[in-house]
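Along the sequence shown, the residues carry numbers beginning at 1. None of the values given here were measured: they were computed from a predicted structure. We use all heavy atoms of the structure for the numbers below, so side chains are in, but hydrogens, waters and symmetry mates are not.
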Amino acid sequence: MANQSLTQNVSDVLISKGIVTPSDITKAQQIAGENKAYLEDAIFSLGIGREEDMVKAIGEVYGLPYASLSGKKVPFVVLSKFPEDVAIKYNMVVFEITDDQTLKVGLARPWDPVTKKALDFISKGNHLNIEPYIVSVKGLNEIIEQYKSPIMVEKETGMETAPKADLASGILKKIEKKPEEKATDEVDFSRIAELVKEDLKTKEQLEEIIKNSAVPRIVAALIKYGVAIKASDIHIEPLEGADTRIRYRIDGILNQVATIARKDHAALVSRIKILAKLKIDEQRVPQDGRIDVVFGKKEIDLRISTFPTINGEKVVMRILDKSGGLITIEDLGLTGKSYDNFLEAIQIPHGILLVTGPTGSGKSTTLYAAISRINKEGVNIVTLEDPVEYQMVGVNQSQVKPYIGYTFANGLRSILRQDPNIIMVGEIRDRETAEMAIQSALTGHLVFSTLHTNDAAGAIPRLIDMGVEPFLIASSLHTIVGQRLVRKLCPDCKKLVEIPAAVYDDMKEEYDKIPEHYRQGLELKIEDKKMYESVGCANCGGGGYKGRFGVYELLRVSEEIQRLCIARASATDILNQGLKEGMITMKQDGIIKVLKGMTTMEEVYRVTTL
């Protein structure tokens with residue numbers, strides 16, 4: 001079977017032949033998107049055009065000749081080459097055997113990678129010559145019906161009934177006995193871990209596997225190494241005129257670890273797509289999927305994203321370690337009055353607490369820590385998430401599914417009928433969700449959510465820009481947290497150095513604005529002009545940093561800030577009022593942590609300089 005051409009696709013061919021119209025394709029694409037179905041199946045579901053004409057046209061795209069099975073009588077000795085179970089499960093039948101013992105096999109759904117995988121396995125595992133054809137579903141079903149009456153078929157054809165051959169009785173068993181190669185709708189993920197049983201702790205070990213192993217083992221090794229080094233993401237990137245680059249995001253920074261020969265890129269992507277149940281022949285549009293795998297005692301949830309680039313498909317695998325456990329509020333990095341104010345905010349019985357920041361700034365982790373603290377038998381906590389990153393005992397967690405209409409806004413309406421005390425909405429993305437969250441807060445619920453803004457003060461103008469009435473924001477919003485993640489200095493190799501003059505002047509200017517109670521318990525004095533810098537050792541892998549924590553700013557929505565909100569004041573005016581009331585900025589919080597010996601000014605500048 002040929003792969004679908006990059007320049008010729010099913011939609012274009014059907015339209016060019018006048019079998020369907022562009023509007024038909026648009027409808028089919030909508031159906032496919034809503035039901036996570038293949039486009040070809042969605043087109044047939046519309047019931048338009050002659051089925052045989054569409055089958056012939058699709059066969060051209062996949063490089064398969066058309067065979068008409070309508071009215072065809074197949075001798076049972078031929079039919080039984082594939083068991084009925086296999087024929088039904090994989091939508092394929094043997095309808096003829098040539099003089100040189102080549103099996104002619106009709107495929108009703110050649111676009112399904114599961115069908116191709118099953119056919120390849122049967123062919124290679126039994127040393128068969130197979131000639132594939134595309135057939136209609138109607139024709140396929142007529143042949144499958146003949147399994148039920150083998151005696152009648154034999155009489156009509158004048159052939160004696162033959163017992164099912166060893167091939168027929170053994171194919172299904174062989175497929176089921178070899179999970180690493182089985183071609184079913186369900187992938188045996190336990191086998192992924194078994195493909196790489198050795199520990200993977202060094203780049204050299206990974207490079208050795210990439211150099212000497214087949215693609216399934218390489219994919220397993222990429223995942224296992226990412227888990228071992230505590231990476232958050234794996235990037236597989238085809239480069240122009242070069243090998244495929246493999247990068248891991250560790251503590252927020254991307255690091256190139258290995259390369260894979262460009263000739264193996266397509267096979268690597270296809271393997272990941274099969275594991276994530278994505279369409280391996282669809283390379284024109286992004287796709288999203290997931291893989292669950294267990295390495296030892298670690299339950300790993302991989303979120304897979306493919307993205308078409310001019311050099312080929314890029315794949316990003318986000319690693320969510322389910323066995324990692326939740327961190328506590330004490331581990332977040334909140335200090336001084338910000339810590340006290342945050343504890344007070346999560347105990348308020350109603351209103352909204354927003355956590356703001358860009359993607360990857362730890363917003364969800366902060367909310368999980370908050371919920372973990374207030375999760376008690378006497379309260380009903382319900383969450384709407386996309387995705388559910390960590391499972392919490394005693395919390396009713398739900399994952400939104402926008403493709404079937406289950407959105408944050410729709411989910412919130414249902415949550416209110418679940419008698420909740422506390423609601424967590426993964427993200428406020430639009431006016432409808434914002435207004436539903438506000439209505440929930442105004443009717444006596446405590447609502448946690450996140451918002452994509454640069455700082456805490458920017459959250460109020462952002463909600464107003466969404467179309468939310470300022471007086472509703474002022475009456476419901478009580479706390480806004482802005483945050484970023486910085487890398488933590490390795491305690492084994494950090495080195496005390498002089499602060500450069502320009503950096504010191506900037507630090508001193510900000511330090512002088514910090515309220516006195518935040519300056520308690522510092523390891524270093526600002527007047528000494530000393531700070532730690534990263535060095536690198538075996539403990540931290542040579543990077544000088546190990547782990548991450550947050551730098552925060554916490555804005556309490558006081559009466560004065562409520563007035564500014566109603567007056568549609570700018571983020572700058574809101575920030576200045578917050579500073580007057582004792583708030584510190586993320587940059588100032590970062591300077592405090594530099595003087596505590598926890599991180600470097602380089603890190604603080606990296607995440608707070610806009």
**Message:** Take a 6.0 Å sphere around NZ of Lys401 and say whether it holds more than 12 heavy atoms from other residues, nucleotides or ligands.
**Reply:** yes
**Prompt:** So does Glu313 pair up with Lys279, basic N to acidic O under 4.0 Å?
**Reply:** no
[X] side chain to [Y] side chain, donor-acceptor N/O pair below 3.5 angstrom:
{"X": "Thr328", "Y": "Asp331", "value": "yes"}
{"X": "Glu523", "Y": "Tyr532", "value": "yes"}
{"X": "Glu435", "Y": "Gln439", "value": "no"}
{"X": "Glu602", "Y": "Thr600", "value": "no"}
{"X": "Asp430", "Y": "Thr433", "value": "yes"}

**Item:** Candidates Gln256, Arg247, Met317 - the one meeting side chain to side chain contact (heavy atoms under 4.5 Å, CB included) with His235
**Value:** Arg247
**Fill in**
In Leu472, Ile574, Ile460, the residue satisfying side chain to side chain contact (heavy atoms under 4.5 Å, CB included) with Cys565 is Ile460
**Fill in**
In this structure, CG of Leu222 is separated from CD1 of Ile260 (nearest 0.5 Å) by 5.0 Å
**Request:** Apply salt bridge (charged side-chain N to carboxylate O under 4.0 Å, His left out) to Glu208 and list each qualifying residue two or more places apart in sequence or on a separate chain.
**Result:** none
**Heavy-atom check, side chain of Phe549 versus side chain of Val486, under 4.5 Å** = yes
**Prompt:** What ring-ring contact (aromatic ring centres under 6.0 Å, His included) pairs are there with at least one residue in residues 329-369, not counting sequence neighbours?
**Reply:** Tyr368-Tyr390
Hey, can you pull the donor-acceptor pairs under 3.5 Å for the side chains in residues 406-417, sequence neighbours left out?
residue : atom : partner : partner atom : Å
Tyr406  : OH   : Ser398  : OG           : 2.6
Thr407  : OG1  : Asn410  : N            : 3.2
Thr407  : OG1  : Asn410  : ND2          : 3.4
Asn410  : OD1  : Arg413  : NH1          : 2.9
Asn410  : ND2  : Gly405  : O            : 2.6
Arg413  : NH1  : Glu432  : OE2          : 3.3
Arg413  : NH2  : Glu432  : OE2          : 2.6

